[in-house]
Amino acid sequence: MAEATAAEIPPYRYDAQLAAQIESCWQDRWAASAIHETPNPVGLLASEQDSADTAGKLFVMDMFPYPSGSGLHVGHPLGYIATDVYVRFKRMCGFNVLYTMGFDAFGLPAEEHARQTGQHPRANTEANIDNMRRQLDRLGLSHDKRRGVATTDVDYYRWTQWIFLQIFNSWFDSDTCRARPIAELVEEFSNGVRPMPDGGRWERLSSAEQRQLIDSHRLAYVADAPVNWCPALGTVLANEEVTNEGRSERGNHEVFKRPLSQWMMRITAYADRLLQDLELLDWPESVKTMQRNWIGRSEGALIRFATTGGAEAPAGGSVAPAVEIEVFTTRPDTLFGTTYMALAPEHPLVDQLTAEAWPDSAAESWKGDAATPRQAVAAYRARAADMSDAARGDSKTGVYLGVNAVVPFSNVAVPVFIADYVLMGYGTGAVMGVPGEDQRDHDFAEAYGLKVIRTVQPPADHPEHLAYTGDGPSINSLFLDGSNVAESKALILQRLQEADAGQSVVNYRMRDWLFSRQRYWGEPIPIVFDEHGPVALPEELLPLELPELMDWAPRALARDSDPEPPLGRVNEWLDVELDLGDGLRRYRRELNTMPQWAGSCWYYLRYLDPTNPEVLVDPEVESYWMTNSTNGPEVGLEGSGGVDLYVGGVEHAVLHLLYARFWHKVLYDLGHVSGPEPFKRLINQGYIQAYAFKDSRGVYVPADEVEGSVEAGFNHQGHPVTRELGKMGKSLKNSVTPDDMYVSYGADTLRLYEMFMGPIDQDRPWETRSVVGSQRVLQRVWRNIIDESSGELRVSEDPPDQELLRLLHRTIDAVSRDMEAMRFNTAIAKLTELNNELTRRGEPTPREVADVLVRMLAPLVPHFAEELWHCLNGADAHSVTQAKFPVADAGLLVADTVEVPVQLNGKIRGRVTITADADEATAVAAALAEPNVAAHVAGRELRKQLYVAGRIITLVV
RNA sequence: GCCCGGAUGGCGGAAUUGGCAGACGCAGCGGACUCAAAAUCCGCCGCCCGUGAGGGUGUGAGGGUUCGAAUCCCUCUCCGGGCACCA
């Protein structure tokens, strides 16, 4: 059978076998000649050769992958292929392009996978990286291999720790709105330039108090806060890592709020800058919107309410100081519609406020069936604590504290409740209940029989049972009456300020970033503790290496257990004797590690100067690659700096991309980078989807074992199954691996197919049976240049005729523009059209055409093009990588004559061929002479005529 | 509920942003070559009427602007994504 096959298939046909030979041959030669290595302007990676003739620099990146170990499917490399095609194109246009790929190897995914396979995370991670490298190398990606860092490299995380120390040793100066070294804060406090928060004097504080004050200003700080504890993962999680349903983003496990002492990053200090600087970025609008929503800026007012009644004076004390409740509201204009007050159950004032006994005014429904307010509060709190945030969702419940609050100006007393629907985490954890203008408050008021006072006049047809949130004149509002919402807001704010009862304020939804993880596989935090708190390790002690632990798995997996960092199991590591300036002393190490996001916050910077032992990145190298003002005609986006093009999945819209922007801004403030933003242009590549099949029980069956068709129905081992479209992956049993495609078609065919499937940012369904189309295209190109049976060139030395030459240059023009705009699907279509014309002619291809065609194909199918390039130019020729991308001859783009459609009363009635520079009269005359047009005009009077040059002739009769 | 995207042949998609709807590919149909099949090459391929030339109709639905609308405006339907007691 093998013989028969060999006899039938021409020996030099471009098939999977030949493709594999070509691909491995050229990959070896490219590697040997270091052809993809990109020089830096200075430093260890500078080149001796002068590279002055380049068109400029370009820094292109993919979001680096987690080496998760289950290997790649064909959906993973979509973005990588796209960047590689673009990078190769730009190199051929003369750009000095930085392009490489690293691995995000610390963190939960890698450790969870290691846990499942039982291997040590380091061994597992290294094996996974090797496997992924092999799969990716096979695609022929033109990475500069010298620059591909892994976040788990000691040489890399040494600098992650260094950045942590930079952040720890900084504070946010809200006057200048930027981070400054902590030493400057100490200086300002001690020399009196900056007033102390409590009005005291720096020298009067003990050294422990001084440290406490300073520590409370740091951008990285330890705080006791309610955090997201995920027992199943054995760690706490950032808000960004918890889903709306109150479960872990990774693994979908239960998450509970519990107070713990944890490392936090003061990202909230940067909320406004993170928001404003989005304007500088060329990012998808949807990602910007997600970040805006996450930051959640809202303008409103803080209003203070006095309270009456309530708890008696503390034992032994005199009179209890008047307790004030502070609320945040975006609608201060509705103040006089306040008919109750509601606090979060966890609100710190609740204990002070709660009365000993129910006052006479208390309605039965407010008491929660309890004998005293304290009992009611205790019962209600116990119930609330047991529920996740999400579960607290739907109900509108609460209990009365037995105490009243007083509305400023009107002096109306309103009852104070604690209520589920008020969240401690937003605003002040207390709201003024305004049933007239807020639907949630309206629901609550209805449930507890509270009054509804409208303070904005609703339209006549507004239903009685609904809150009115629109604009209108204020009513029932004393001095606000008659003003509209905006006017009333301004007016009440002014009066509140004068009365010292409130002020305008900006509130954010975003919280500080919880930075500790009770996990082994992460960067150790370079901090030790003495009896007063955290002490930074000096830079000389970096890297602080992660100890090799055999017993690394998390243990605390029960719901009520406490987090237990694995690093605490190593006694000799836990306690350490150091001389940090005060002589040799014992310290206790920080046992938590950094979250998965730490390493990915700055890897793009290390790509620039990966081997620099002195600094994170040489400033000259950094500003060379990260300044993009000279590059591209974009208006209004200059000055952000950053990676020229960043491609990755939309799933990182708020996590990685927000954290990285935050770190970059801190580094910018401290003078370590030259611009305020890390990624100037962002593209989210779409997902590759695939059909998945379910049997009658609803269980997924392997998609590659399913037979049948849409018409005939699908079946698996004789049983009918149903088809659906979903994300490719193990869970849907619908993965197709690149390795499968390499065996059947070769890497270049896979590249071409993935780029041809559709626009880069669109989801698209994978169809293995369509891949053959891309292979056939390459086979036809091959046949137009190489004789399949002899392997000889099929190229003529004659110049192409005018018609072919014009087609060639039209193709160059269109393909260049498509490549620049990353519209690879249409670029491929146009190349296919040109090649189809060559096939149609059936003659040997003119060398000039073959040469240009091969160069245009080189970015898309680099091995294939390299092979043909050397067939055309001899084995000793330089690489097609170093050839110039063809430039269209403008003179050949305009034809002498054009065929123009004729539109009569809105319908196309024919086509006429006229000279390209014909005027309207000539064009219309030609149109009227066209038989079919003439027949339709049939003597009627021409009412209107129009000629859009080269496009259309429009006639109206 | 709010905010973004989408919807074009049997399928993936194209249309220079208001100017020939369906490029290119898959699938399908017909032909050439072949003893035959595969491969290759040539042709057809939205729907309806017509032998044909051609005519009608057609870009989720309805309306509008325009000489001209897949593209702009209004109303609606469906699909995908994000946010959601955020005071």
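The shown structure was predicted, so the numbers you read here are calculated from the model rather than taken from an experiment. Per chain, numbering begins at 1; letters A, B, ... match sequence-line order. Note that these values count all heavy atoms, side chains included, but never hydrogens, waters or copies made by symmetry.
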Listing time: all N or O pairs from protein to nucleotides 27-35 of chain B that are below 3.5 Å?
| from | atom 1 | to | atom 2 | distance (Å) |
| --- | --- | --- | --- | --- |
| B/rA27 | OP2 | A/R776 | NH2 | 3.0 |

(request) Assess whether one donor atom and one acceptor atom, taken from the side chain of A/S774 and the base of B/rG25, lie less than 3.5 Å apart. (result) no
(request) May I have the distance from A/E788 (atom CD) to B/rC41 (atom P), rounded to whole angstrom? (result) 9 Å
(request) With heavy atoms under 4.0 Å as the rule, sort A/R780 into base, sugar-phosphate or nothing. (result) sugar-phosphate
(message) What's A/R13 touching, base or sugar-phosphate or nothing? Going by heavy atoms closer than 4.0 Å.
(response) sugar-phosphate
(request) Provide the Watson-Crick or G-U wobble partner of B/rC78, both distances under 3.5 Å; none if there is no partner. (result) B/rG6
(message) With the threshold set at under 4.0 Å for non-hydrogen atoms, list the residues of residues 903-911 of chain A touching RNA chain B in residue-number order.
(response) A/Q903, A/K907, A/I908, A/R909, A/R911
(message) Students often get this wrong, so: under 4.0 angstrom with heavy atoms, is A/D763 touching a base, only sugar-phosphate, or nothing?
(response) sugar-phosphate
(message) Rounding to an integer number of Å, can you tell me how far A/K944 NZ sits from B/rG68 P?
(response) 8 Å
(request) May I ask you to say what A/Q762 touches in the nucleic acid, namely base, sugar-phosphate or nothing, with a heavy-atom cut-off under 4.0 Å? (result) sugar-phosphate
(request) Could you tell me whether the phosphate oxygens of B/rC24, OP1 or OP2, come under 4.0 Å of any side-chain nitrogen or oxygen in A/N836? (result) no
(message) Under 6.0 Å from the ring centre and within 45 degrees of the ring axis: does the NZ or CZ of A/K396 meet both conditions for the six-membered ring of A/F444?
(response) no
(message) Once you apply a heavy-atom cut-off of 4.0 Å, does A/T954 come out as touching a base, just sugar-phosphate, or nothing?
(response) base
(request) On RNA chain B, check which nucleotide each of A/M290 and A/P765 is closest to and give me the residue with the more 5' one. (result) A/P765
(request) Taking only the side-chain heavy atoms of A/N932 (C-beta and beyond), determine which of B/rG13, B/rG54, B/rC24 contains the nearest atom. (result) B/rG54
(message) Say we look at B/rC33 and B/rG22: how far apart would their P atoms be, to the nearest angstrom?
(response) 33 Å
(request) Answer with base, sugar-phosphate or nothing: what part of the nucleic acid does A/V948 contact at a heavy-atom distance below 4.0 Å? (result) base
(message) Measuring from the side chain of A/L946 (C-beta onward, heavy atoms only), which nucleotide among B/rG55, B/rC67, B/rA87 has the closest atom?
(response) B/rC67
(message) Considering every strand and a 4.0 Å limit on heavy-atom distances, what is the contact class for A/H442: base, sugar-phosphate, or nothing?
(response) nothing
(message) Students often get this wrong, so: under 4.0 angstrom with heavy atoms, is A/P759 touching a base, only sugar-phosphate, or nothing?
(response) sugar-phosphate
Output a table of donor-acceptor pairs, distance under 3.5 Å, between side-chain atoms of residues 291-298 of chain A and any protein atom two or more places apart or on a different chain; print 'none' if there are none.
| from | atom 1 | to | atom 2 | distance (Å) |
| --- | --- | --- | --- | --- |
| A/Q291 | OE1 | A/R661 | NH1 | 2.7 |
| A/Q291 | NE2 | A/A653 | O | 2.8 |
| A/R292 | NH1 | A/E285 | OE2 | 3.3 |
| A/R292 | NH2 | A/E279 | OE2 | 3.4 |
| A/W294 | NE1 | A/E240 | OE2 | 3.1 |
| A/R297 | NH1 | A/D272 | OD1 | 2.8 |
| A/R297 | NH1 | A/D272 | OD2 | 3.4 |
| A/R297 | NH1 | A/Y508 | OH | 3.4 |
| A/R297 | NH2 | A/E299 | OE2 | 2.8 |
| A/S298 | OG | A/Y426 | OH | 2.9 |

